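Note that these values count all heavy atoms, side chains included, but never hydrogens, waters or copies made by symmetry. All figures in this text were calculated on a predicted structure; none of them were measured in a lab. To find a chain, count down the sequence lines: A is the first, B the second, and so on, and within it residues start at 1.
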Amino acid sequence: MREKKLRNIFVNGAIPADTIAESIRKHHTKTDIGAHSIFLGQVRADEIGDQQVAGINYTAYEDLALEKMYEIREAIFAKYPLTCMHIHHSLGMIAAGEICLFVFTSSKHRKAAMEACDELVERIKAELPIWGQEILTDDSHQWKENK
Amino acid sequence: MREKKLRNIFVNGAIPADTIAESIRKHHTKTDIGAHSIFLGQVRADEIGDQQVAGINYTAYEDLALEKMYEIREAIFAKYPLTCMHIHHSLGMIAAGEICLFVFTSSKHRKAAMEACDELVERIKAELPIWGQEILTDDSHQWKENK
Amino acid sequence: MNIKILLFGRLTELLGQNVLHLEDMADTDSLSRFLSVQYPGLAQINYQIAVNQEIIHGNRLLTDGMTVALMPPFSGG
Amino acid sequence: MNIKILLFGRLTELLGQNVLHLEDMADTDSLSRFLSVQYPGLAQINYQIAVNQEIIHGNRLLTDGMTVALMPPFSGG
């Protein structure tokens with residue numbers, strides 16, 4: 001039996017643009033890749049009444065999230081001919097304008113990377129036990145709800 | 001009448017990961033953006049007989065390509081509620097493993113950015129007068145054909 | 001018998017804590033009923049339950065040492 | 001009368017140049033026929049034609065100073 005290897009997807013704080021560049025750069029040696037698809041979630045400064053969202057404080061049930069992410073990863077690799085898949089989600093306070101989710105898929109031809117990336121984003125939002133608390137400019141807060 | 005502004009999409013040589021990071025970083029001040037979708041085309045070292053693709057030499061009918069890209073850009077902005085759209089395509093010799101196409105869309109909610117990015121990639125490949133000449137490891141070449 | 005209850009999202013606010021320890025809870029339905037009485041706001045909140053890191057549907061018997069997580073709707077990404 | 005012909009992709013190889021200048025070409029059909037005779041391999045290559053940076057379908061009259069581009073299938077991206 002293959003060992004079940006849980007990979008950590010969580011990072012403390014926002015995902016810097018340099019991390020994304022570094023991740024892209026690492027794939028230059030994988031010359032069987034023809035297409036990369038990347039999704040980035042960025043925190044919006046939504047208007048809430050006369051306040052704005054200053055940032056989102058993310059918490060997660062990390063153990064369960066990594067178990068669930070393992071399942072999702074296996075299902076996506078089984079469904080699409082992917083070369084690589086990388087997922088990063090922020091925990092803690094992420095200011096408006098910063099990146100909180102980074103999904104990165106690579107494949108030989110473009111369709112697989114694109115469709116896998118879309119499906120990953122949908123499943124991450126729907127199935128991972130992560131909660132966002134929107135912190136408003138007056139320091140009040142409300143719990144984010146995914147549509 | 002609005003002025004028709006053609007934007008250059010062409011860059012000489014490969015698109016560096018740092019250019020992508022810089023482009024992402026510039027959007028941190030746009031706090032109405034919630035989602036970015038990025039597509040990257042990377043040159044594959046395909047096996048051709050007993051040779052490999054060492055790189056692709058791209059040429060274009062630049063004037064017509066920029067006219068066509070203007071049309072595509074207008075159509076995509078009309079169809080999807082996008083905040084931003086950025087397109088870069090390489091010209092000249094791009095080694096296997098390097099990035100030759102960078103498509104970057106941003107929107108408030110994820111669907112628009114994702115669908116616009118997919119459609120842009122399809123239209124760029126089908127409609128822009130760009131040609132790739134695959135240079136093989138023995139310095140012979142063949143003309144690339146998009147599927 | 002000791003059951004560990006993990007709370008997440010808005011439930012941490014409603015219950016004023018991240019973790020609860022309860023004794024003598026036969027099953028998850030009893031646990032939910034008990035907490036609804038203790039914290040009347042809970043009835044208005046939709047939440048899923050995981051037992052030992054597995055999301056359950058319906059009632060589940062509880063035994064000593066189990067961990068129960070109460071999870072309001074997810075909002076990651 | 002001078003018509004400028006831009007060549008791209010594999011056509012630059014077949015014709016051995018990137019640009020041609022031709023005189024007395026009444027329309028794009030005549031131009032295609034003329035080049036097919038000069039360069040027999042051309043008949044095997046599928047190409048689109050643009051006149052003054054606009055892709056045309058069917059025949060188009062040519063006048064002095066026009067630019068015609070012969071474009072084999074695109075392969076960008």
Side-chain angles (χ1 to χ4, degrees), chain B residues 4 6 9-11 15 39-44 46 53 56-72 87-92 94 99-103 117-135 140-147, chain D residues 2-22 25 27-29 31-32 34-36 38-77:
Chain B
K4 178 172 169 181
L6 297 186
I9 65 165
F10 292 110
V11 294
I15 298 161
F39 178 84
L40 303 174
Q42 182 168 302
V43 174
R44 282 196 317 271
D46 281 352
V53 172
I56 298 182
N57 188 27
Y58 283 105
T59 50
Y61 185 6
E62 295 187 48
D63 292 342
L64 182 57
L66 298 186
E67 287 280 348
K68 196 75 202 168
M69 192 64 235
Y70 176 86
E71 268 177 44
I72 296 172
I87 317 282
H88 302 276
H89 196 296
S90 293
L91 293 180
I94 313 304
I99 305 291
C100 58
L101 174 61
F102 171 29
V103 177
C117 187
D118 286 14
E119 190 166 330
L120 278 167
V121 173
E122 295 306 313
R123 294 195 65 175
I124 287 166
K125 287 185 173 255
E127 299 177 39
L128 294 193
I130 301 173
W131 295 272
Q133 188 186 36
E134 293 173 331
I135 311 296
S140 67
H141 70 262
Q142 64 174 24
W143 292 92
K144 180 172 175 262
E145 293 192 8
N146 280 351
K147 289 181 208 170
Chain D
N2 191 312
I3 307 292
K4 185 179 182 183
I5 320 289
L6 303 177
L7 303 167
F8 294 99
R10 66 174 77 240
L11 297 182
T12 61
E13 285 194 315
L14 183 70
L15 277 69
Q17 49 214 320
N18 296 318
V19 185
L20 277 177
H21 292 272
L22 293 178
M25 283 294 152
D27 52 39
T28 52
D29 280 358
L31 173 65
S32 291
F34 173 80
L35 291 175
S36 294
Q38 298 283 312
Y39 305 95
L42 196 58
Q44 273 74 58
I45 298 178
N46 187 24
Y47 58 86
Q48 290 188 84
I49 297 177
V51 175
N52 288 353
Q53 292 179 44
E54 189 194 337
I55 293 175
I56 61 159
H57 304 280
N59 193 20
R60 182 70 58 98
L61 290 180
L62 296 175
T63 58
D64 186 43
M66 278 184 164
T67 299
V68 177
L70 307 187
M71 305 182 293
F74 308 152
S75 53

Subject >> chain D contact via B:Gln42 - which portion, at a heavy-atom distance below 4.5 Å >> reply: neither
**OP:** For residues B:Leu128 and B:Ile72, determine if any side-chain heavy atom of one lies less than 4.5 Å from a side-chain heavy atom of the other.
**Re:** yes
**OP:** Spell out the residues in residues 55-65 of chain D that have some non-hydrogen atom less than 4.5 Å away from a non-hydrogen atom of chain B, in order of number; otherwise answer 'none'.
**Re:** D:Ile55
Original post:
Do any N or O atoms from the side chain of B:Trp131 and from the backbone of D:Pro72 form a donor-acceptor pair under 3.5 angstrom?
Top reply: yes
Original post:
How long is the span from the CD1 atom in B:Ile9 to the CG atom in B:Leu91, to the nearest 0.5 Å?
Top reply: 8.0 Å
**OP:** Please tell me if the side chains of D:Tyr47 and D:Ser32 come closer than 4.5 Å, counting only heavy atoms from C-beta onward.
**Re:** yes
Subject >> Residues in residues 56-66 of chain B that sit under 4.5 Å from chain D, counting heavy atoms only >> reply: B:Tyr58, B:Ala60, B:Tyr61, B:Asp63, B:Leu64
Subject >> Non-hydrogen atoms of B:Ile99 and B:Ser90 that approach each other most closely >> reply: O-OG, 3.6 Å
Original post:
For B:Gly132, does its backbone N or O pair with a side-chain atom of D:Ser75 as donor and acceptor, under 3.5 Å?
Top reply: yes
Original post:
Just checking heavy atoms, which of residues 2-10 of chain D are less than 4.5 Å from chain B?
Top reply: D:Leu6, D:Phe8, D:Gly9, D:Arg10
Original post:
CG of B:Asn146 to CD1 of B:Ile130: how many Å apart, nearest 0.5 Å?
Top reply: 9.5 Å
Original post:
Taking only heavy atoms into account, what residues of residues 118-126 of chain B are found under 4.5 Å from chain D?
Top reply: B:Lys125, B:Ala126
Original post:
What is the minimum heavy-atom distance between B:Ile87 and B:Met69, and which atoms define it?
Top reply: CG1-CE, 3.7 Å
Original post:
Is it the side chain or the backbone of D:Gln48 that comes within 4.5 Å of chain B heavy atoms, both, or neither?
Top reply: neither
**OP:** Determine the minimum heavy-atom distance between D:Ser36 and D:Leu42, stating which atoms define it.
**Re:** N-CD2, 4.0 Å
Subject >> Where D:Tyr39 and D:Gln17 come nearest, the two heavy atoms and their spacing >> reply: OH-NE2, 3.4 Å
**OP:** Would you name the heavy atoms of D:Gly41 and D:Leu14 that are closest together and state the gap between them?
**Re:** C-CD2, 3.7 Å
Subject >> Spacing of D:Leu35 atom CG and D:Leu20 atom CG [to the nearest 0.5 Å] >> reply: 6.5 Å
Original post:
Which one, B:Lys68, B:His89, B:Gln133, leads in non-hydrogen pairs under 4.5 Å with chain D?
Top reply: B:His89
Original post:
At what distance, to the nearest 0.5 angstrom, does CD of B:Glu134 lie from CD of B:Gln142?
Top reply: 5.0 Å
Subject >> Carboxylate-amine/guanidinium contact B:Glu67 B:Lys4, below 4.0 Å >> reply: yes
Subject >> Closest contact, heavy atoms only, B:Leu101 versus B:Ile15 >> reply: N-CD1, 3.8 Å
